[in-house]
Structures are given as structure tokens and as C-alpha cells.
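Here is the structure we will look at, set down as C-alpha cells.
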Number of protein chains: 2
Amino acid sequence: MTPGDTNSAPDRPTGRGRIDKRRAILDAAIRVFAREGYVQAGLDAIAAEAGVAKPTIYNHFGGKENLFREAVLEATQRSSAKTLAALEGFPTPQPDDLRTELEGVATRLVECFRDENSWALQRLLYAETVRFPAVFDDWRATGPAKVSDALAGRLARLANSGRLSIAEPDRAAGQFLALIADGMPMLSALGTRPIDDEALHEAVTSGVETFLKAFSPRDAEDQEEQEKQDEASGRSAGAGRRPRSRSAASPRH
Amino acid sequence: MTPGDTNSAPDRPTGRGRIDKRRAILDAAIRVFAREGYVQAGLDAIAAEAGVAKPTIYNHFGGKENLFREAVLEATQRSSAKTLAALEGFPTPQPDDLRTELEGVATRLVECFRDENSWALQRLLYAETVRFPAVFDDWRATGPAKVSDALAGRLARLANSGRLSIAEPDRAAGQFLALIADGMPMLSALGTRPIDDEALHEAVTSGVETFLKAFSPRDAEDQEEQEKQDEASGRSAGAGRRPRSRSAASPRH
DNA sequence: ATCGAGTTGAACTGACGAGTTCAATCCTTT
DNA sequence: AAAGGATTGAACTCGTCAGTTCAACTCGAT
């Protein structure tokens, strides 16, 4: 109406100065999207939460879809960076106790996974991957793929120094993550309830325990012969079981 | 409270009016909800797909929320029954080859998990657990909890007959499922793309391999001493590591 | 044939959201 | 101080959807 009543509040949170409107919008967007879901989230709500007018959103991003894409990408990068940081310093150059070493990194990783933002991101992806396949691809590439890769490299170091017996570091990394984190969705109700710390710690240590039982070097000569494990022979489903390597069914040979 | 109360046959068992509109509505509902998500799914679309008028939906279920609850519950029961059926006949009374046995049941389980309905259900739960916490609880109780329990019991049989060395069957069941199925979300892009059969089979056999390496009985006397694994003593990180079993740093020889 | 419960199509209400427009306003630059 | 671009608030269009109402209809039961 008349300009006599403009700015009823003398304090303006971020003022009208354009500091980082863009950042503010992205922050608010990922929060609202996470809370309401893509369809339910309203641009008015995002604008309000960002302390920004609705047209400003259209100035920076072209519309809802693009805003969603950029917000998810931003959140993915932030989450991924945090998780990769949890891998820093693992493994210790000459770890005294391998179990402690693994439990340490596992705990740090799980601490990342239990983060509210991480869960929100995952719920959004499950909900919207059908609508936004490209968003899922970006997420996989800059999130889990990087983490799994980095972990594989570090496990490979331990294997190389003889502390672990790992033929395929990539697979071992995936299995390590599966063992320590697979129970979390149930423990936290897909991230919607606080996790019981005791139960989580039990799950993590138990996962590390199983990982160690599976990948601890058992015999000295095992280490040498696991370099070659190619799959030159076809692996048709109906074919009989090949002896493979020193795998498991015959520890004494 | 038991579900077998009224209509279940295509004939009208009681003085009910028409054919089983109710079933048709539930079928269409879960399909549309799975395809569009809860918010986006329209009751008009569900009515059309069920071959039913919109008011009929309100006659049977009171509104959208209740329809969603009942549709998800129905889908959960169907999916759970299928998965439990995959556990039938495992383990074979006297399995020749434990690896084949485990790979068999793992393959059957994974075949259930890759089902389109199973994925749709999971995506819906991730998307709507915030809005419908009770739905998640029902799903967990009649779905994963049952499956994990049943698997634990069957693994316990194998442990009891000395084929496996398992201290905590429940945890082992969870870890078995994690090892064989944790890679599926990535392989299938959360169920939105067909899985590469080769890659899936590799993941399953590799998971079974790791499981066997971890839980194959190694020494005879081990079996006895792992019954008591209480945590009476505090498990502070800095404390000396208890010898536990033959786990890692002591290659017998 | 009649009754009546269940079903149907259609139209309607009320609410909400995406996207747009525009004059007024703020901040920075010159 | 003046210019000029970014930002703002508010109102508006257009479409969708949950939920409701109602007269007409179907079909089995009596």
C-alpha cells in the first residue's frame, strides 16, 4: 500500500543488500525440500525461509526444477566433503591395532551417515529419482562413488602392507560400508528418529569384527597367490562351481 | 484384528454389493502411489485406473491418507510373503556344499529385492516416513523384521549343526543380508533401471564368499568358547584389547 | 415388480501453488 | 548526487487437487 508502512521492522536480517542471496536460497531450498518433499515444497515457503522475495528465486534459478537440481547438488558436495574428511588420517602409517584403526574410521563414517542432512538427502533421492534421474547420477558420482573409491584405496594400503588380505579393494570397501552402516536405516527409521547410541556402536563394532574375520590374513603364503584372480573363464550361471582360489570352503589344503 | 474377517473371495461372501471394488482400488492405489508419489498421486487417477468412481473410494476408505496406509500395508504383506517363501527349503537338511546352499538362498532373496514392487514400496517409504511414521513401523514389523528373524533362525540351524560358526544369529542374518544386497540400490539406481545380471551375480557370490570367510568354523574348540560374549567390562577405546577369539593378530601355526 | 444398498458421472467448492508482472525501493558505482 | 541494476512486495493468472453433493443407475434379494 502506501509507503508509510513499509519495513515495519527496523532490523532486516540480511538486509536488502545482496550478499549471498544465492547461497541463502540454496540453503533454504534444501531445508524445505528435505522437510516437505519436492512436490509439497512451495516456492513461497522457500522464499520466506531464505528471507528473499519470490522473484529473486526466479532471477537466480529459472524455476523449481532447476532450483531442486542445484540445491541437491550443493548438499551432495557438502555431505561428500564431510565424509571424505572422515577418511583423512586413515590408515595410520603403522597402526598398532588394526581393529582399533578400523573401528575408528568406521565410527567417523557412521557419524557422517547419521547426520540429519545426509538422511534428508537420501530420502529426497529415493523419492525423486524417478522424476530426476540425472540428479541421482550426479549424487552417485560426487557422493558414494568418491567415498567408496577413497576407502578402497586406503584399504588397499593396508592390504599392501600385509595387514589385510584383500583381493578386490573396491568390493571390500563396499562390503565394509555395508557391514558397518547397513543397519542404520532400521535403527533410525530412515533418519526420522534419534539412533540409540549403544545399539549403533554395537552394530559398528560387530561389523568391523566380521570384516576382520573375513579379511585378516590367515596364512603367510596366502598373500602371494592372491595377486592373480582374473575371471578369464566365462561365468555362465548353470556352470559348475569352479575351484576359484583359496577362497573359503577349503581353508586347509 | 485378524485379517481374515470379511471379503476375500471374488464371490460376495456376505450381503456385500458388487464385485471386489476394494481390491481393485487397493491395486490401483499402490500402482499410482508408486508411480507418482503420495502428493502427486491424484484420487481421480486412482479411480480411473481402478475402473471405479471417485466417491466409491471414499465409501471404502475415508480419504487419501487412509487409502495410502492400507495400500502400503497390503503391498508390504504381499512382498513379505514372497520373500519369506524364498527362505523355504533353506537350509537343506544335510547340505553337500555350504557355499552353494548360501548362494542359492541369497540369489532367491535378491530376486525378491529386485522386484519392481519391492523398490516402489521402498521409495514410497523413504519419501513418506516423515509424514507417516506409523506406516514405517508397520512395514518394518511385517516386512524386514520378519525376514531377518526367519533368516536368523535358519542360520542358527546351520550353526547348531556345526556348519557355521555364529555367535549371534540375528546379527549374522543382518550382515548376510547387508553383504548380498547392499549394492543393489546403486546397481539399479534405486530400482529405476534394470540391473546388470552379471554385476548382480558377482556381488551376491562375493557377498557369500565374504560371509563364509567370516563365519566358517575354523577351529573345533572355537565353537565352545564363543557362547559367552557379554559386555560386562566397559569397552573404552584406550583399554587393552581383549584376546577374544583367534580373530586377527594371531595367526595360528 | 419392487426395494434398496452400492455405485456412478458430473459438477462444484475451497484451497493451494507455479510462474508472471510491475511499480516502488534499495545498494553500489561513478 | 545521480544512474542503474538488483531486489522487493503484492497482486494476478491459470491450473490442479481433495473432498463433497446429488440425481440417476445397476443389480441382487425378496
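A quick note: this is a predicted structure, and the numbers were derived from the prediction, not measured. All chains are named by letter (A, B, ...) in the order of the sequence lines, taking the proteins before the strands, and each is independently numbered beginning at 1.
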Within the structure, does a side-chain N or O atom of A/Thr56 lie under 4.0 Å from either OP1 or OP2 of D/dT8?
-> yes
Within this structure, what is the CG-to-C1' distance between B/Asp44 and D/dG19, rounded to whole angstrom?
-> 10 Å
Identify which nucleotide among D/dG19, D/dT7, C/dT7 has an atom closest to any side-chain atom of B/Leu43, counting heavy atoms from C-beta outward.
-> D/dG19
Compute the ring centroids of B/Phe176 and B/Phe215, then answer whether they are less than 6.0 Å apart.
-> no
Residues A/Arg31 and A/Glu74 bridged, charged N to O under 4.0 Å | no
Between C/dC22, D/dT21, C/dT7, spot the one nearest the side chain of B/Lys21, thanks.
-> C/dT7
Which part of the nucleic acid, if any, lies within contact of A/Ala47, taking any heavy atom under 4.0 Å across all strands shown: a base, the sugar-phosphate backbone alone, or nothing?
-> nothing
Distance in angstrom units between B/Ile57 CD1 and C/dG6 P, rounded = 17 Å
Side chain of A/Lys54 (C-beta onward), nearest among C/dT20, C/dT8, D/dA18 = C/dT20
Per atom distances to the A/Lys64 side chain, the nearest of D/dT8, C/dG19, D/dT20 is C/dG19
Rounded to whole angstroms, how far apart are CD1 on B/Ile25 and C1' on C/dG6?
-> 12 Å
Between D/dG19 atom P and B/Ile46 atom CD1, what is the distance in whole Å?
-> 11 Å
Hey, is B/Arg154 close enough to B/Asp149 for a salt bridge, meaning N to O under 4.0 Å?
-> no
Among D/dG19, C/dG19, D/dT7, the nucleotide that comes nearest once only the side chain of A/Tyr58 is considered | C/dG19
Report which part of the nucleic acid B/Ala48 touches: base, sugar-phosphate, or nothing (heavy-atom distance under 4.0 Å, all strands).
-> nothing
Closest nucleotide among C/dT8, D/dA10, D/dG19 to the B/Ala53 side chain = C/dT8
Whole-Å distance, B/Phe61 CZ to D/dA18 P, equals 15 Å
Rounded distance [0.5 Å steps], CZ in B/Arg114 versus CD1 in B/Ile195 | 5.0 Å
Take A/Val39 and A/Pro55, find for each the nucleotide of DNA chain C with the closest heavy atom, and name the residue whose nucleotide sits nearer the 5' end.
-> A/Val39
Tell me whether the centres of the aromatic rings in B/Phe132 and B/Tyr38 are closer together than 6.0 Å.
-> yes
Nearest-Å distance, CD (A/Glu65) to P (C/dG17)?
-> 18 Å
